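Reviewing the structure listed below.
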Amino acid sequence: MIHFASLEAAGLRVAAMSDKSDGDCSNRPEAQTTVARFLKSLSVPPDTLVRLRQIHGNRVVEAQSAMVGRHAALEEADGLVSRESGRTLGIGVADCTPVLLYDPHHKAVALLHAGREGTLRNIAAAGVRTLCKRYRCDPAALRAAIGPCAGECCYEVSAECAGKWRDAGLPLRGRHLRLQASNCIQLENAGLLRHNIEVVPHCTICGGLFFSYRAGEISNRNLVVMML
Ligand SMILES: [Zn+2]
(Lines give C-alpha, C1' and ligand atoms only; values in the text may rest on other atoms or scores of the structure.)
Protein backbone atom coordinates (compact mmCIF):
# COMPACT_ATOMS: atom_id res chain seq x y z
CA MET A 1 0.00 0.00 0.00
CA ILE A 2 0.97 3.61 -0.27
CA HIS A 3 0.07 6.51 2.00
CA PHE A 4 -0.83 10.01 0.83
CA ALA A 5 1.69 11.59 3.14
CA SER A 6 0.75 15.24 2.61
CA LEU A 7 -2.84 14.64 3.74
CA GLU A 8 -1.89 12.55 6.76
CA ALA A 9 0.70 15.21 7.71
CA ALA A 10 -2.10 17.78 7.54
CA GLY A 11 -4.09 15.84 10.14
CA LEU A 12 -6.19 13.29 8.25
CA ARG A 13 -6.21 10.00 10.18
CA VAL A 14 -5.80 7.72 7.14
CA ALA A 15 -5.27 8.38 3.42
CA ALA A 16 -3.97 5.26 1.67
CA MET A 17 -4.27 3.04 -1.39
CA SER A 18 -3.92 -0.73 -1.52
CA ASP A 19 -1.64 -2.36 -4.07
CA LYS A 20 -1.33 -5.86 -5.60
CA SER A 21 0.37 -7.23 -2.47
CA ASP A 22 -2.77 -6.34 -0.44
CA GLY A 23 -4.90 -8.45 -2.81
CA ASP A 24 -8.12 -7.74 -4.68
CA CYS A 25 -10.07 -5.04 -2.81
CA SER A 26 -13.00 -4.84 -5.23
CA ASN A 27 -16.69 -4.77 -4.29
CA ARG A 28 -17.10 -8.46 -5.09
CA PRO A 29 -18.42 -10.54 -2.17
CA GLU A 30 -15.43 -12.93 -2.36
CA ALA A 31 -13.04 -9.97 -1.91
CA GLN A 32 -14.49 -8.80 1.41
CA THR A 33 -12.10 -10.81 3.59
CA THR A 34 -9.20 -9.22 1.73
CA VAL A 35 -10.74 -5.74 2.10
CA ALA A 36 -11.17 -6.28 5.85
CA ARG A 37 -7.54 -7.43 6.18
CA PHE A 38 -6.30 -4.35 4.29
CA LEU A 39 -8.38 -2.02 6.49
CA LYS A 40 -7.19 -3.72 9.68
CA SER A 41 -3.58 -3.20 8.56
CA LEU A 42 -4.40 0.53 8.61
CA SER A 43 -6.21 0.26 11.99
CA VAL A 44 -9.45 1.14 10.17
CA PRO A 45 -12.54 -0.72 11.48
CA PRO A 46 -14.09 -2.43 8.43
CA ASP A 47 -17.60 -1.51 9.62
CA THR A 48 -16.90 2.20 9.05
CA LEU A 49 -16.36 1.84 5.29
CA VAL A 50 -18.71 3.40 2.73
CA ARG A 51 -18.34 2.44 -0.92
CA LEU A 52 -20.24 3.18 -4.13
CA ARG A 53 -21.37 1.56 -7.32
CA GLN A 54 -19.08 3.62 -9.54
CA ILE A 55 -20.56 4.53 -12.91
CA HIS A 56 -17.97 6.91 -14.45
CA GLY A 57 -20.10 10.01 -13.87
CA ASN A 58 -19.62 13.11 -11.76
CA ARG A 59 -22.25 12.63 -9.05
CA VAL A 60 -20.93 13.27 -5.54
CA VAL A 61 -22.93 12.13 -2.50
CA GLU A 62 -22.54 12.42 1.25
CA ALA A 63 -21.54 9.19 3.02
CA GLN A 64 -24.48 8.22 5.24
CA SER A 65 -24.61 5.67 8.04
CA ALA A 66 -27.17 3.71 6.06
CA MET A 67 -24.54 3.19 3.33
CA VAL A 68 -22.07 1.41 5.64
CA GLY A 69 -21.25 -2.24 5.10
CA ARG A 70 -23.46 -2.68 2.05
CA HIS A 71 -22.13 -4.70 -0.83
CA ALA A 72 -25.35 -5.00 -2.76
CA ALA A 73 -27.59 -2.12 -3.85
CA LEU A 74 -24.80 0.42 -3.46
CA GLU A 75 -25.49 4.07 -4.22
CA GLU A 76 -24.63 4.93 -7.83
CA ALA A 77 -22.11 7.77 -7.80
CA ASP A 78 -18.39 8.46 -8.24
CA GLY A 79 -17.65 10.75 -5.34
CA LEU A 80 -18.15 10.74 -1.59
CA VAL A 81 -17.94 13.55 0.95
CA SER A 82 -18.06 13.48 4.73
CA ARG A 83 -17.14 15.38 7.85
CA GLU A 84 -18.09 12.64 10.27
CA SER A 85 -15.23 11.60 12.54
CA GLY A 86 -14.51 7.86 12.24
CA ARG A 87 -16.22 7.54 8.85
CA THR A 88 -14.15 5.83 6.13
CA LEU A 89 -14.64 6.57 2.45
CA GLY A 90 -13.58 4.03 -0.18
CA ILE A 91 -13.19 4.11 -3.96
CA GLY A 92 -12.03 1.17 -6.09
CA VAL A 93 -9.65 1.90 -8.96
CA ALA A 94 -7.61 0.06 -11.59
CA ASP A 95 -6.10 2.78 -13.85
CA CYS A 96 -8.69 5.48 -13.02
CA THR A 97 -7.42 8.49 -11.06
CA PRO A 98 -8.23 8.77 -7.36
CA VAL A 99 -8.59 12.39 -6.26
CA LEU A 100 -8.54 13.06 -2.52
CA LEU A 101 -9.55 16.36 -0.92
CA TYR A 102 -9.14 17.36 2.72
CA ASP A 103 -10.06 20.51 4.58
CA PRO A 104 -7.99 20.59 7.79
CA HIS A 105 -10.02 23.50 9.23
CA HIS A 106 -13.54 22.14 8.71
CA LYS A 107 -12.39 18.49 9.05
CA ALA A 108 -14.12 17.51 5.83
CA VAL A 109 -13.08 15.11 3.07
CA ALA A 110 -13.98 14.17 -0.48
CA LEU A 111 -12.89 11.09 -2.39
CA LEU A 112 -13.42 11.03 -6.15
CA HIS A 113 -13.17 8.42 -8.91
CA ALA A 114 -11.79 10.42 -11.83
CA GLY A 115 -11.13 8.14 -14.77
CA ARG A 116 -11.41 9.16 -18.39
CA GLU A 117 -15.16 9.81 -18.22
CA GLY A 118 -15.14 11.34 -14.75
CA THR A 119 -12.36 13.72 -15.73
CA LEU A 120 -14.21 14.71 -18.93
CA ARG A 121 -17.20 15.49 -16.69
CA ASN A 122 -14.92 17.41 -14.30
CA ILE A 123 -15.68 15.43 -11.17
CA ALA A 124 -12.78 17.25 -9.46
CA ALA A 125 -14.73 20.52 -9.62
CA ALA A 126 -17.92 18.74 -8.56
CA GLY A 127 -16.12 17.47 -5.45
CA VAL A 128 -14.81 20.91 -4.55
CA ARG A 129 -18.25 22.44 -5.14
CA THR A 130 -19.93 19.86 -2.90
CA LEU A 131 -17.45 20.48 -0.05
CA CYS A 132 -17.97 24.24 -0.32
CA LYS A 133 -21.75 24.04 -0.48
CA ARG A 134 -22.30 21.47 2.27
CA TYR A 135 -19.54 22.32 4.69
CA ARG A 136 -18.59 25.90 3.77
CA CYS A 137 -15.06 24.88 2.83
CA ASP A 138 -12.75 27.41 1.19
CA PRO A 139 -11.11 25.97 -1.97
CA ALA A 140 -7.89 27.90 -1.21
CA ALA A 141 -7.60 26.02 2.10
CA LEU A 142 -8.18 22.54 0.61
CA ARG A 143 -5.35 20.01 0.45
CA ALA A 144 -5.48 17.52 -2.42
CA ALA A 145 -3.75 14.37 -3.55
CA ILE A 146 -3.91 12.89 -7.04
CA GLY A 147 -3.09 9.21 -6.87
CA PRO A 148 -1.46 6.59 -9.10
CA CYS A 149 -3.38 5.95 -12.33
CA ALA A 150 -2.91 5.24 -16.03
CA GLY A 151 0.07 7.43 -16.90
CA GLU A 152 0.66 9.59 -19.93
CA CYS A 153 3.49 7.16 -20.82
CA CYS A 154 0.95 4.38 -21.54
CA TYR A 155 -2.61 5.69 -21.76
CA GLU A 156 -3.14 5.88 -25.52
CA VAL A 157 -6.74 6.29 -26.72
CA SER A 158 -8.60 6.43 -30.03
CA ALA A 159 -8.46 9.56 -32.17
CA GLU A 160 -12.13 10.16 -31.34
CA CYS A 161 -11.53 10.00 -27.61
CA ALA A 162 -8.43 12.19 -27.88
CA GLY A 163 -10.54 14.71 -29.81
CA LYS A 164 -13.11 14.86 -27.01
CA TRP A 165 -10.30 15.41 -24.53
CA ARG A 166 -8.86 18.23 -26.61
CA ASP A 167 -12.30 19.82 -27.04
CA ALA A 168 -12.67 19.86 -23.25
CA GLY A 169 -9.41 21.83 -23.03
CA LEU A 170 -7.59 19.01 -21.24
CA PRO A 171 -3.89 18.26 -21.85
CA LEU A 172 -2.65 15.32 -23.95
CA ARG A 173 0.62 14.08 -25.32
CA GLY A 174 -0.21 12.97 -28.84
CA ARG A 175 -3.09 10.53 -28.30
CA HIS A 176 -1.98 9.81 -24.74
CA LEU A 177 -4.28 11.22 -22.06
CA ARG A 178 -2.68 13.08 -19.17
CA LEU A 179 -5.09 12.17 -16.38
CA GLN A 180 -3.09 13.54 -13.47
CA ALA A 181 -2.21 16.83 -15.17
CA SER A 182 -5.85 17.25 -16.21
CA ASN A 183 -7.16 16.75 -12.69
CA CYS A 184 -4.51 19.10 -11.34
CA ILE A 185 -5.65 21.84 -13.75
CA GLN A 186 -9.29 21.22 -12.88
CA LEU A 187 -8.53 21.53 -9.16
CA GLU A 188 -6.61 24.76 -9.73
CA ASN A 189 -9.48 26.11 -11.83
CA ALA A 190 -11.80 25.23 -8.92
CA GLY A 191 -9.72 27.46 -6.63
CA LEU A 192 -7.09 25.16 -5.11
CA LEU A 193 -3.51 26.36 -4.76
CA ARG A 194 -0.91 24.36 -6.69
CA HIS A 195 1.33 23.96 -3.65
CA ASN A 196 -1.58 22.29 -1.82
CA ILE A 197 -1.88 19.55 -4.48
CA GLU A 198 0.28 16.43 -4.11
CA VAL A 199 0.65 14.39 -7.31
CA VAL A 200 1.91 10.83 -6.84
CA PRO A 201 3.82 10.15 -10.06
CA HIS A 202 3.16 6.47 -10.69
CA CYS A 203 1.70 4.78 -13.78
CA THR A 204 -0.52 1.81 -12.91
CA ILE A 205 -0.16 0.29 -16.41
CA CYS A 206 3.65 0.00 -16.57
CA GLY A 207 4.56 0.51 -12.91
CA GLY A 208 3.70 -3.05 -11.84
CA LEU A 209 2.78 -2.14 -8.25
CA PHE A 210 -1.00 -1.79 -8.67
CA PHE A 211 -3.79 -3.71 -10.39
CA SER A 212 -4.28 -2.30 -13.89
CA TYR A 213 -7.33 -2.86 -16.08
CA ARG A 214 -5.37 -2.06 -19.22
CA ALA A 215 -2.58 -4.42 -18.19
CA GLY A 216 -5.15 -7.23 -17.99
CA GLU A 217 -6.52 -7.14 -14.44
CA ILE A 218 -10.15 -6.87 -15.48
CA SER A 219 -11.88 -7.45 -12.14
CA ASN A 220 -9.30 -6.73 -9.43
CA ARG A 221 -9.28 -3.33 -7.79
CA ASN A 222 -6.99 -1.20 -5.66
CA LEU A 223 -8.89 0.43 -2.80
CA VAL A 224 -8.33 4.09 -1.90
CA VAL A 225 -9.49 4.97 1.60
CA MET A 226 -9.77 8.14 3.63
CA MET A 227 -10.72 8.11 7.31
CA LEU A 228 -11.52 11.25 9.25
ZN1 LIG B 1 3.15 3.84 -18.05
Side-chain angles (χ1 to χ4, degrees), residues 1-4 7-8 10-19 22-94 96-104 106-115 118 123-124 126-137 142-145 147 210-211 219-228:
M1 80 183 72
I2 61 155
H3 286 265
F4 297 93
L7 301 185
E8 292 184 347
L12 187 58
R13 253 202 270 185
V14 176
M17 174 170 170
S18 70
D19 61 35
D22 299 301
D24 171 29
C25 288
S26 67
N27 266 336
R28 291 185 295 171
E30 59 268 36
Q32 296 324 302
T33 311
T34 309
V35 170
R37 191 172 56 225
F38 167 61
L39 295 175
K40 279 179 190 155
S41 73
L42 292 165
S43 301
V44 171
D47 62 358
T48 62
L49 179 68
V50 170
R51 298 185 71 162
L52 297 167
R53 196 164 101 74
Q54 299 164 206
I55 50 173
H56 299 279
N58 67 352
R59 181 164 180 251
V60 180
V61 297
E62 186 170 52
Q64 308 283 355
S65 309
M67 295 158 72
V68 171
R70 281 188 359 203
H71 304 299
L74 290 168
E75 185 87 11
E76 290 192 352
D78 289 275
L80 285 163
V81 295
S82 180
R83 65 170 168 192
E84 193 181 332
S85 177
R87 171 72 65 234
T88 306
L89 311 183
I91 290 278
V93 287
C96 287
T97 324
V99 176
L100 301 80
L101 302 172
Y102 174 51
D103 181 335
H106 294 82
K107 304 282 178 207
V109 288
L111 180 55
L112 313 165
H113 166 238
I123 190 170
V128 173
R129 217 164 35 235
T130 307
L131 284 178
C132 295
K133 215 159 107 184
R134 275 187 187 268
Y135 310 138
R136 300 179 184 280
C137 297
L142 289 177
R143 311 298 174 90
F210 299 95
F211 292 120
S219 57
N220 292 346
R221 293 292 177 272
N222 314 292
L223 180 61
V224 182
V225 291
M226 299 176 84
M227 182 167 80
L228 269 167

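Throughout, residue positions are numbered sequentially from 1 according to the sequence presented. What you see is a predicted model, and the numbers here were worked out from it, not measured in a lab.
Closest of all the heavy-atom pairs between Cys25 and Leu223 is CB-CB, 3.5 Å. For the residue pair Ala114 and Ile123, the shortest heavy atom distance occurs at CB-CG2, 3.6 Å. When every heavy atom of Arg37 is checked against every heavy atom of Asp22, the shortest pair comes out as NH2-O, 4.2 Å. The shortest heavy-atom contact between Glu8 and His3 is OE2-ND1, 2.9 Å. In terms of heavy-atom proximity, Leu111 sits nearest to Ile91 at CG-CG1, 3.3 Å. Shortest non-hydrogen contact noted between Gly57 and Asp78 is N-OD2, 2.8 Å.
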Residues Asn220, Arg28; criterion side chain to side chain contact (heavy atoms under 4.5 Å, CB included); working and verdict: CA-CA 9 Å; Asn220 292 346; Arg28 291 185 295 171; 3.2 Å; yes
Pair Phe4-Leu12, side chain to side chain contact (heavy atoms under 4.5 Å, CB included): steps then yes or no: CA-CA 10 Å; Phe4 297 93; Leu12 187 58; over 6 Å; no
Evaluation steps, side chain to side chain contact (heavy atoms under 4.5 Å, CB included), between Glu76 and Arg53: CA-CA 5 Å; Glu76 290 192 352; Arg53 196 164 101 74; 2.6 Å; yes
Arg87 and Leu228: CA distance, side-chain angles, deciding distance, side chain to side chain contact (heavy atoms under 4.5 Å, CB included) verdict: CA-CA 6 Å; Arg87 171 72 65 234; Leu228 269 167; 5.6 Å; no
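Judged purely by atom type and a 3.5 angstrom limit, Arg51 uses its side chain to pair as donor or acceptor with the backbone of Ser26. Not a single donor-acceptor pair under 3.5 Å links the side chain of His113 to the backbone N or O of Cys96. In this structure a side-chain-to-backbone donor-acceptor pair under 3.5 Å is present from Gln54 to Gly92. Put simply, the side chain of Gln32 gets close to the backbone of Asn27: a donor and an acceptor are under 3.5 Å apart. Here the side chain of Asn58 pairs no donor or acceptor atom with the backbone of Gly127 at under 3.5 angstrom. Between the Thr88 side chain and the Met227 main chain, no donor and acceptor come within less than 3.5 Å of each other.
In this structure the side chain of Arg59 reaches within 4.5 angstrom of the side chain of Glu75, judged on heavy atoms. With a 4.5 Å cut-off on side-chain heavy atoms, Arg143 and Pro104 count as touching. Within the 4.5 Å cutoff, the side chain of Val81 has no heavy atoms near those of the Val61 side chain. Side-chain contact between Val93 and Asn222 is present, with heavy atoms from C-beta onward closer than 4.5 Å. Side-chain atoms of Ser85 and Arg13, non-hydrogen and from C-beta on, do get closer than 4.5 Å to each other. Residues Asp103 and Tyr135 have side chains not in contact (no heavy-atom distance under 4.5 Å, counting atoms from C-beta outward). Taking 4.5 Å as the limit, some side-chain heavy atom of Leu49 sits within range of a side-chain heavy atom of Val35. The shortest distance between side-chain heavy atoms of Leu142 and Leu131 falls below 4.5 Å.
Going from atom CE of Met226 over to atom CG of Leu80 covers 10.5 Å, rounded to the nearest 0.5 Å. Note: Leu74 CG to Ile55 CD1 = 11.5 Å, rounded to the nearest 0.5 Å. Between atom CZ of residue Arg136 and atom CZ of residue Arg83 there is a gap of 9.0 Å, rounded to the nearest 0.5 Å.
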